[in-house]
Asks: 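One structure, as structure tokens, below. Some questions next.
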Amino acid sequence: MHRLLITGAAGGIGRIMRQRLAPLATIVRLSDICDLGEAAPNEELVSCDLGDDKGVHDLVKGCDAIVHLGGMSGEASFAKIMNANIAGCYNLYEAARANGMPRILLASSLHTVGFYRQDEYFDANVPLRPDGLYGVSKCFSEALARMYFDKFGQETAVVRIGSCFEHPRDHRMLASWLSYGDFASLAECVFKAPRLGCPVIWGVSNNDARWWDNSRANFLGWQPRDNAGLHRARIEETVPLPDPQSSSALYQGGPFTEHPIFKED
């Protein structure tokens, strides 16, 4: 493709995908409200608040595909989540509709289903059970993506990211971990698919202990290669087991299920 847009490019996943996804496009347009550093020769840097509808419209103009990682990445006050994750997602989809409907990889989250127990195994068609306002905002973004597909034909891969880090960090991530390499290969499959539609895909590596059935996304040809089980011995040696009755041991959303409703200071 000619131009790929990555929102949230200064975030933890965005900084990695800035490098990993660069071969997919002639130009990579990177956006965030935080410092993006210096632009490489094939990069365009744009500071943009997702709550600014005109700014988002200009951001999307001329783009062939979008990896939407921008927004609040954890629990926060409703006002912050509303601007970044709800108004921001709406602004992105309206901008895409006005600019030729480039294909979107939408970063959703396991926290849309965080109140399911860790001993449950299911596919993407289960009822949503968000574990906080952040999870609720991702449920909104998934519904918005579905509506824009049904109403306008806007294609989106809704990717419910588990825990995307260089390595799994605790016992819960032995099931939920998504490696950087597997995320990048998923993005490549999403943008190369002849027809996408609006599938919900579990963003999880080929972990022995994973909780989710991803067979409905087999048409993409994505085959995650990494396995959190290779890190099990290290985690068992260095990370204490959580109390069996704690949220970290019971629920897929872990400690997010215990967060209060945060208020503005």
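Along the sequence shown, residues are numbered consecutively beginning with 1.
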Asks: Scan side-chain atoms only and decide if N227 and D208 contain a donor-acceptor pair under the 3.5 Å cut-off.
Replies: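 Yes.
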Asks: Nearest 0.5 Å please: distance from the CD1 atom of I16 over to the OG atom of S179.
Replies: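 Rounded to the nearest 0.5 Å, the CD1-OG separation comes out at 11.5 Å.
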Asks: Does anything in residues 144-169 form a ring pair (Phe, Tyr, Trp, His ring centres under 6.0 Å)? List the pairs, not counting sequence neighbours.
Replies: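 As it turns out, the ring pair (Phe, Tyr, Trp, His ring centres under 6.0 Å) pairs with a partner in residues 144-169, which skip direct neighbours, are Y93-Y148, Y148-F152, H167-H231.
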Asks: Is there a donor-acceptor contact under 3.5 Å from the side chain of T238 to the main chain of R234?
Replies: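 Checking the backbone N and O of R234 against the side chain of T238, a donor-acceptor pair under 3.5 Å is found.
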Asks: Taking ring-ring contact (aromatic ring centres under 6.0 Å, His included) as the test, write out the residues that go with Y251, two or more places apart.
Replies: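 Y251 satisfies ring-ring contact (aromatic ring centres under 6.0 Å, His included) with F115 once adjacent residues are dropped.
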Asks: Atom CG in L105, atom CE in M17: separation rounded to 0.5 Å?
Replies: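 Output value for this atom pair is 10.0 Å.
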Asks: Before giving the answer on side-chain contact (heavy atoms from CB on, under 4.5 Å), spell out for N206 and R225 the whole-Å C-alpha distance, their side-chain angles and the decisive distance to 0.1 Å.
Replies: CA-CA 6 Å; N206 190 32; R225 297 181 176 181; over 6 Å; no
Asks: Give the C-alpha distance, both sets of side-chain angles, the deciding distance and a yes or no for salt bridge (Lys or Arg N to Asp or Glu O under 4.0 Å) between E94 and R97.
Replies: CA-CA 5 Å; E94 275 296 278; R97 186 166 72 93; 2.9 Å; yes
Asks: Listed by chain and number, what are the ring-ring contact (aromatic ring centres under 6.0 Å, His included) partners of F262, not counting sequence neighbours?
Replies: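 Applying ring-ring contact (aromatic ring centres under 6.0 Å, His included) to F262 gives H259.
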Asks: The criterion is side chain to side chain contact (heavy atoms under 4.5 Å, CB included); which residues satisfy it with E44, sequence neighbours excluded?
Replies: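 Result, side chain to side chain contact (heavy atoms under 4.5 Å, CB included) vs E44: R3, I27, R29.
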Asks: Nearest 0.5 Å, please: how far is CZ in R15 from CG in D32?
Replies: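 It is 9.5 Å, given to the nearest 0.5 Å.
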Asks: Rounded to the nearest 0.5 Å, what separates atom CG in D58 from atom CG in D53?
Replies: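 The CG atom of D53 is 10.0 Å from CG of D58, to the nearest 0.5 Å.
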Asks: Any chance you could measure C198, atom SG, to M147, atom CE, to the nearest 0.5 Å?
Replies: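 With rounding to 0.5 Å, SG (C198) is 11.0 Å from CE (M147).
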Asks: For D243, enumerate each residue passing the salt bridge (charged side-chain N to carboxylate O under 4.0 Å, His left out) test, keeping only those at least two apart in sequence or located in another chain.
Replies: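 For D243 there are no salt bridge (charged side-chain N to carboxylate O under 4.0 Å, His left out) partners, ignoring immediate neighbours.
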Asks: Which atoms form the tightest heavy-atom contact between E38 and L45, and what is the distance?
Replies: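 Answer, listing the atom of E38 first, then L45: C-CD1, 3.9 Å.
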Asks: Using side chain to side chain contact (heavy atoms under 4.5 Å, CB included) as the criterion, list what pairs up with Q19, not counting sequence neighbours.
Replies: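 Expected list: none.
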Asks: Return the minimal non-hydrogen interatomic distance between A249 and P242, and the atom names on each side.
Replies: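 Between these two residues, the closest heavy atoms are CB-CG, 4.0 Å.
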Asks: Just wondering, do I161 and S109 contact through their side chains at under 4.5 Å, heavy atoms?
Replies: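 Side-chain contact under 4.5 Å: no.
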Asks: Hey, does the side chain of K138 reach the backbone of A107 with a donor-acceptor pair shorter than 3.5 angstrom?
Replies: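 Judged by distance alone, yes, a pair lies under 3.5 Å.
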Asks: Identify whether Y134 and M82 are in the same connected component of the hydrophobic contact network (ILVMFWY, side-chain heavy atoms under 4.5 Å).
Replies: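 Yes, Y134 connects to M82 through the hydrophobic network.
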Asks: Side-chain contact, heavy-atom cut-off 4.5 Å: I6 with V28?
Replies: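 Yes, at least one pair of side-chain atoms sits under 4.5 Å.
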Asks: Give me the other members of the hydrophobic cluster that I235 sits in, counting Ile, Leu, Val, Met, Phe, Trp and Tyr linked by side-chain heavy atoms under 4.5 Å, directly or via other members.
Replies: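 Direct or chained contacts put I235 with L174, V239.
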Asks: Not counting sequence neighbours, which residues clear salt bridge (charged side-chain N to carboxylate O under 4.0 Å, His left out) with R117? List them please.
Replies: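 If we apply the salt bridge (charged side-chain N to carboxylate O under 4.0 Å, His left out) test to R117, skipping adjacent residues, the hits are D119.
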Asks: Establish, from distance only, whether the side-chain atoms of S205 and D182 form a donor-acceptor pair under 3.5 Å.
Replies: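 Short answer, yes.
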Asks: If you group Ile, Leu, Val, Met, Phe, Trp and Tyr by side-chain heavy-atom gaps below 4.5 Å, do F219 and L186 land in one group?
Replies: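 In one cluster with F219: L186, yes.
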Asks: Would a 4.5 Å heavy-atom cut-off, applied to side chains only, mark S185 and F183 as touching?
Replies: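 No; the side chains remain at least 4.5 Å from each other.
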Asks: Can you tell me which residue pairs pass the side-chain hydrogen bond (donor to acceptor under 3.5 Å, both in side chains) test with a partner in residues 64-88, sequence neighbours excluded?
Replies: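 Matches after skipping sequence neighbours: T7-H68, D49-N83, S77-E264, N85-S137.
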Asks: List, by chain and number, the other hydrophobic cluster members for F122, where Ile, Leu, Val, Met, Phe, Trp and Tyr join if side-chain heavy atoms come within less than 4.5 Å, directly or indirectly.
Replies: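 Other cluster members: L110, V113, Y116, V126, L128, W202, V204, W211, W212.
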Asks: Taking V67 as the starting point, is it possible to reach V60 by hopping between hydrophobic residues whose side chains are less than 4.5 Å apart?
Replies: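 No: no chain of side-chain contacts under 4.5 Å links V60 to V67.
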Asks: Report whether M101 and Y90 are members of the same hydrophobic cluster (ILVMFWY, side-chain heavy atoms less than 4.5 Å apart, transitive linking).
Replies: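 Result: yes, single cluster for both.
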Asks: Using the salt bridge (charged side-chain N to carboxylate O under 4.0 Å, His left out) criterion, which residues pair with R103? Sequence neighbours excluded.
Replies: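 R103 satisfies salt bridge (charged side-chain N to carboxylate O under 4.0 Å, His left out) with E155 only.
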Asks: Mind checking whether N91 and L50 have side chains closer than 4.5 Å, heavy atoms only?
Replies: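 With C-beta onward as the side chain, the pair stays apart.
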Asks: With a 4.5 Å limit on heavy-atom distance, are the side chains of V159 and S108 in contact?
Replies: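 SC-SC contact between V159 and S108 ruled out.
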Asks: Between E236 and R232, is there a side-chain N and carboxylate O pair less than 4.0 Å apart?
Replies: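 R232 and E236: salt-bridged.
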Asks: Return yes if some donor-acceptor pair links the side-chain N/O of D52 with the main-chain N/O of G55 below 3.5 Å, else return no.
Replies: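 Here the side-chain-to-backbone pair exists.
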Asks: Report the C-alpha distance between K192 and E188 in whole Å, list the side-chain angles of each, state the deciding distance to 0.1 Å, and finish with yes or no for salt bridge (Lys or Arg N to Asp or Glu O under 4.0 Å).
Replies: CA-CA 6 Å; K192 288 186 175 180; E188 185 173 358; 2.8 Å; yes
Asks: Side-chain heavy atoms under 4.5 angstrom apart, residues restricted to Ile, Leu, Val, Met, Phe, Trp, Tyr: same cluster for V56 and V46?
Replies: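 Result: yes, single cluster for both.
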Asks: R169 versus S163: any side-chain heavy-atom pair under 4.5 Å?
Replies: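 They are not in side-chain contact.
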Asks: What's the spacing between I86 CD1 and M72 CE if we round to 0.5 Å?
Replies: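 CE of M72 is found 12.0 Å from CD1 of I86.
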Asks: I'd like to check L220 versus L196 (side-chain heavy atoms, cut-off strictly below 4.5 Å). Are they in contact?
Replies: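 L220 reaches L196 side chain to side chain.
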Asks: I'd like to check the salt bridge (charged side-chain N to carboxylate O under 4.0 Å, His left out) partners of K151; sequence neighbours left out, ordered by chain and number.
Replies: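 With neighbours one apart ignored, the set is empty.
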Asks: Which pair of non-hydrogen atoms, one from P130 and one from G135, has the smallest distance, and what is that distance?
Replies: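 Closest pair (atom of P130, atom of G135, distance): CB-C, 3.7 Å.
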Asks: Within the 4.5 Å heavy-atom criterion, are I104 and Q154 side-chain neighbours or not?
Replies: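 Side chain of I104 against side chain of Q154, heavy atoms only: contact under 4.5 Å found.
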Asks: Please check: side-chain N/O of N207 versus main-chain N/O of W177, any donor-acceptor pairing under 3.5 Å?
Replies: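 The answer is yes, because a donor-acceptor pair under 3.5 Å joins these two groups.
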Asks: Can you tell me if CD on Q223 sees more than 12 non-hydrogen neighbours from other groups inside 6.0 Å?
Replies: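 Count not over threshold, so no.
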Asks: Does any N or O in the side chain of R160 come within less than 3.5 Å of the main-chain N or O of G203, such that one atom is a donor and the other an acceptor?
Replies: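 No.
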Asks: Under 3.5 Å, is there a donor-acceptor pair between the S215 and D213 side chains?
Replies: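 Per modelled atom types, S215 and D213 side chains form a pair under 3.5 Å.
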Asks: Do you know which two heavy atoms are closest between T156 and P199, and how far apart they sit?
Replies: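 Heavy-atom minimum between the residues: O-CD, 3.3 Å.
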